[in-house]
Peer 1: 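Supplied in structure tokens, the structure appears directly below.
Numbers here are sequence positions counted from 1.
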Amino acid sequence: MDLLALADFHLVAIHGGFGRASRASGQSKASLSRHVRELEERLGVRLIERGTRTLRLTDEGVVLHERTGSRIGEIREALKDVKAGLGRPSGRLRISVPLLFAQTSLGSLAAAFLKAYPDVLLDVVADDRFVDLIADEIDAVVRVNPRPDSDLVGRCFLRNRLVLVAPPSLPRPGLAPDGQVDSFPAVLRHGAADDETWRVADEQDGREHVFRPQAVMRLASPLSVRDAALAGAGAALIPRTIAVDALASGRLVSWGLSTQAPTEIWVLHASQRLASPKVRAFVDFVCHHFQDDARQDPLTQD
């Protein structure tokens, strides 16, 4: 009964009143009120201040709600999973991914995941902002070069190299007397320095060269930078994953791979939560999906 009373307390707190909680859960207002009152009596504190039209949590109620809310959610999810078939992945799975990942990889990935797990409803938020998995009710997140965070665990599924590409019509510049490469027209990302240099290694012999790009335009999105290079505007330094098709078809040519450390892309979930079957399934699926892609294009992996 304590656990049921705690769950009902959270229902009332989340929905902001006994009436709304009653409509959302299908329980009677009297039952919800009784369970919350029993919980208060067992704890010896008042959790909710009840007014004629308003309801607010006491300081003790706020502490209890914040400290136990996610655990109650985990218990509900576990009960649903067990009821659905002893841990078979099912239910809504909320994922947050960066915009570039959504634009280049998510469609095929989501379709393949749905085929493998038809009982899971994939709900994806594509946004470059930092999200709090607990506060934003996100089950898993894809992040680029994530900082170490004790609140998150997960796996790196892709290491993406930058490649210097150019339209075939653009002559590759020769070496200057100082050993650097002469300047050439280039499409840069917003924020790049005017005196930026690109150090790249030849894909054939591994020799390093330093290129000096001369900006002809600056664009915000890696995809728009690639498309401008495809249209002949100039060379560009872009993630190899978005250049593979154009390189394979000859619409772009490679002048070498950047010597910068590869960009790491991780799939993460909250460490303080027990990973549900649907989260574990998604993490494993993403890692296997990109391992298969890496077999076809090994330069996308270290």
Peer 1: Could you tell me whether a side-chain N or O of H289 sits under 3.5 Å from a main-chain N or O of F285, the two making a donor and an acceptor?
Peer 2: no
Peer 1: Assigning hydrophobic clusters by single linkage (Ile, Leu, Val, Met, Phe, Trp, Tyr; side-chain heavy-atom cutoff under 4.5 Å), is L121 placed with F113?
Peer 2: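 They do not share one cluster, since no chain of ILVMFWY contacts under 4.5 Å joins L121 to F113.
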Peer 1: For the residue pair R280 / S276, report whether a side-chain donor-acceptor contact shorter than 3.5 Å exists.
Peer 2: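 The criterion, which ignores hydrogens and geometry beyond distance, is not satisfied for R280 and S276.
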Peer 1: Taking C-beta and beyond as the side chain, do V97 and V124 meet within less than 4.5 Å on heavy atoms?
Peer 2: yes
Peer 1: Report yes or no: do T263 and N160 form a side-chain donor-acceptor pair below 3.5 Å?
Peer 2: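 Their side chains do not contain a donor-acceptor pair, so the 3.5 Å distance test is not met.
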Peer 1: Got a second to check how far E264's CD is from N145's CG, nearest 0.5 Å?
Peer 2: 6.5 Å
Peer 1: What pair of heavy atoms forms the shortest contact from E196 to P213, and how long is it?
Peer 2: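 Reported closest heavy-atom pair: O-CD, 3.1 Å.
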Peer 1: Go through the steps for V45 and L64 under the test side chain to side chain contact (heavy atoms under 4.5 Å, CB included), then give the verdict.
Peer 2: CA-CA 11 Å; V45 297; L64 184 64; over 6 Å; no
Peer 1: Is the backbone of S28 close enough, under 3.5 Å, to the side chain of S31 for a donor and an acceptor to pair up by distance?
Peer 2: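 Checked: no pair found.
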Peer 1: Say you draw a straight line from CG of L164 to NE2 of H209; how long is it, rounded to the nearest 0.5 Å?
Peer 2: 11.0 Å
Peer 1: Starting from L114, can I reach V125 by hopping between I/L/V/M/F/W/Y residues whose side chains sit under 4.5 Å apart?
Peer 2: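 As far as the 4.5 Å side-chain criterion goes, L114 and V125 are not connected within one cluster.
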Peer 1: Check whether S249 reaches the backbone of A246 with its side chain - one donor and one acceptor, N or O, closer than 3.5 Å.
Peer 2: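 Looks like yes, one N/O pair under 3.5 Å.
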Peer 1: Are side-chain heavy atoms of P89 and D119 found at a separation under 4.5 Å?
Peer 2: no
Peer 1: So, are R92 and D123 salt-bridged, with charged N and O less than 4.0 Å apart?
Peer 2: yes
Peer 1: Do R240 and L257 make a side-chain contact, defined as non-hydrogen atoms from C-beta onward lying under 4.5 Å apart?
Peer 2: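 The answer is yes; the side chains approach within 4.5 Å.
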Peer 1: Could you go through the side chain to side chain contact (heavy atoms under 4.5 Å, CB included) check for H269 and D139 one step at a time?
Peer 2: CA-CA 6 Å; H269 57 90; D139 296 300; over 6 Å; no
Peer 1: Output the distance between atom CZ (R94) and atom CG (L133), rounded to the nearest 0.5 Å.
Peer 2: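 Reported value, rounded in 0.5 Å steps: 10.0 Å.
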Peer 1: Do R212 and D195 come within less than 4.5 Å of each other through their side chains, counting heavy atoms only?
Peer 2: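 SC-SC contact between R212 and D195 ruled out.
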Peer 1: Could you check whether any side-chain N or O of K278 sits under 3.5 Å from a backbone N or O of V120, counting only pairs where one atom can act as donor and the other as acceptor?
Peer 2: no
Peer 1: Going by the angle between their ring planes, with limits at 30° and 60°, are F290 and F101 parallel, tilted or perpendicular?
Peer 2: tilted
Peer 1: Could you go through E203 and V163, starting from their C-alpha distance and side-chain angles, then the distance that decides it, and tell me whether this counts as side chain to side chain contact (heavy atoms under 4.5 Å, CB included)?
Peer 2: CA-CA 10 Å; E203 293 190 61; V163 60; 4.2 Å; yes
Peer 1: Would a 4.5 Å heavy-atom cut-off, applied to side chains only, mark L55 and V12 as touching?
Peer 2: yes
Peer 1: First locate atom CG of L109, then atom CG of L122, and finally report the distance between them rounded to the nearest 0.5 Å.
Peer 2: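 Going from the CG atom of L109 to the CG atom of L122 covers 8.0 Å.
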Peer 1: Looking at I238, is its backbone amide N or carbonyl O close enough to the side chain of R226 to form a donor-acceptor pair, meaning the two atoms are under 3.5 Å apart?
Peer 2: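 Absent.
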Peer 1: Distance under 6.0 Å and angle within 45° of the ring axis: does R23 meet both against F18?
Peer 2: no
Peer 1: Can you tell me how far apart NZ (K29) and CZ (R34) are? Round to the nearest 0.5 Å.
Peer 2: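 The NZ atom of K29 sits 14.5 Å away from the CZ atom of R34.
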Peer 1: Which of these, L99, V144, L100, sits in a side-chain contact (heavy atoms from CB on, under 4.5 Å) with D128?
Peer 2: L99
Peer 1: Between T259 and E208, is the side-chain hydrogen bond (donor to acceptor under 3.5 Å, both in side chains) condition met? List the steps.
Peer 2: CA-CA 8 Å; T259 60; E208 292 188 8; 5.1 Å; no
Peer 1: On a heavy-atom basis, which atom in A236 and which in A229 lie closest, and how many Å separate them?
Peer 2: CB-CB, 4.2 Å
Peer 1: Please identify which of these residues, D227, L219, V165, meets the side-chain contact (heavy atoms from CB on, under 4.5 Å) condition with V187.
Peer 2: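 The side-chain contact (heavy atoms from CB on, under 4.5 Å) with V187 is passed solely by L219 among D227, L219, V165.
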Peer 1: What closest approach, in Å, do A193 and L188 show between heavy atoms, and which atom pair accounts for it?
Peer 2: O-CD2, 4.2 Å
Peer 1: So which heavy atom on S254 is nearest to which on G256, and how close?
Peer 2: OG-N, 3.1 Å
Peer 1: Using side-chain heavy atoms (C-beta onward) and a distance below 4.5 Å, is L6 in contact with F9?
Peer 2: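 When only atoms from C-beta onward are counted, F9 and L6 do touch, with a gap below 4.5 Å.
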Peer 1: Dump the intermediate steps for side chain to side chain contact (heavy atoms under 4.5 Å, CB included) on W266 and V153, then the final yes or no.
Peer 2: CA-CA 9 Å; W266 287 65; V153 294; over 6 Å; no
Peer 1: Could you pull out the closest heavy-atom pair between P222 and R189, with the gap in Å?
Peer 2: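 Closest approach of P222 to R189, heavy atoms only: CG-NH1, 3.2 Å.
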Peer 1: Between R143 and V131, what is the shortest heavy-atom contact and its length?
Peer 2: NH2-O, 2.6 Å
Peer 1: Would you confirm whether R67, through its side chain, and V63, through its main-chain N or O, come within 3.5 Å as a donor-acceptor pair?
Peer 2: no
Peer 1: Is it true that a side-chain atom of R161 and a backbone atom of S258 form a donor plus acceptor pair closer than 3.5 Å?
Peer 2: yes
Peer 1: Check the orientation of F211 and F184. Use parallel for under 30°, tilted for 30 to 60°, and perpendicular for over 60°.
Peer 2: perpendicular
Peer 1: Drop me the distance from I48's CD1 to R56's CZ, to the nearest 0.5 angstrom.
Peer 2: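 It comes to 11.0 Å.
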Peer 1: Tell me whether E40 contacts the main-chain N or O of R46 through its side chain, where contact means a donor paired with an acceptor under 3.5 Å.
Peer 2: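 It does not hold such a pair.
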Peer 1: Evaluate the side-chain proximity of V200 to W255: yes if any heavy-atom separation is below 4.5 Å, no if none is.
Peer 2: no
Peer 1: Would you call E49 and L57 a side-chain contact if the rule is heavy atoms closer than 4.5 Å?
Peer 2: no
Peer 1: Just by distance, do the side chain of S96 and the backbone of V141 share a donor-acceptor pair under 3.5 Å?
Peer 2: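 No, because the side chain of S96 does not come within donor-acceptor range (under 3.5 Å) of the backbone of V141.
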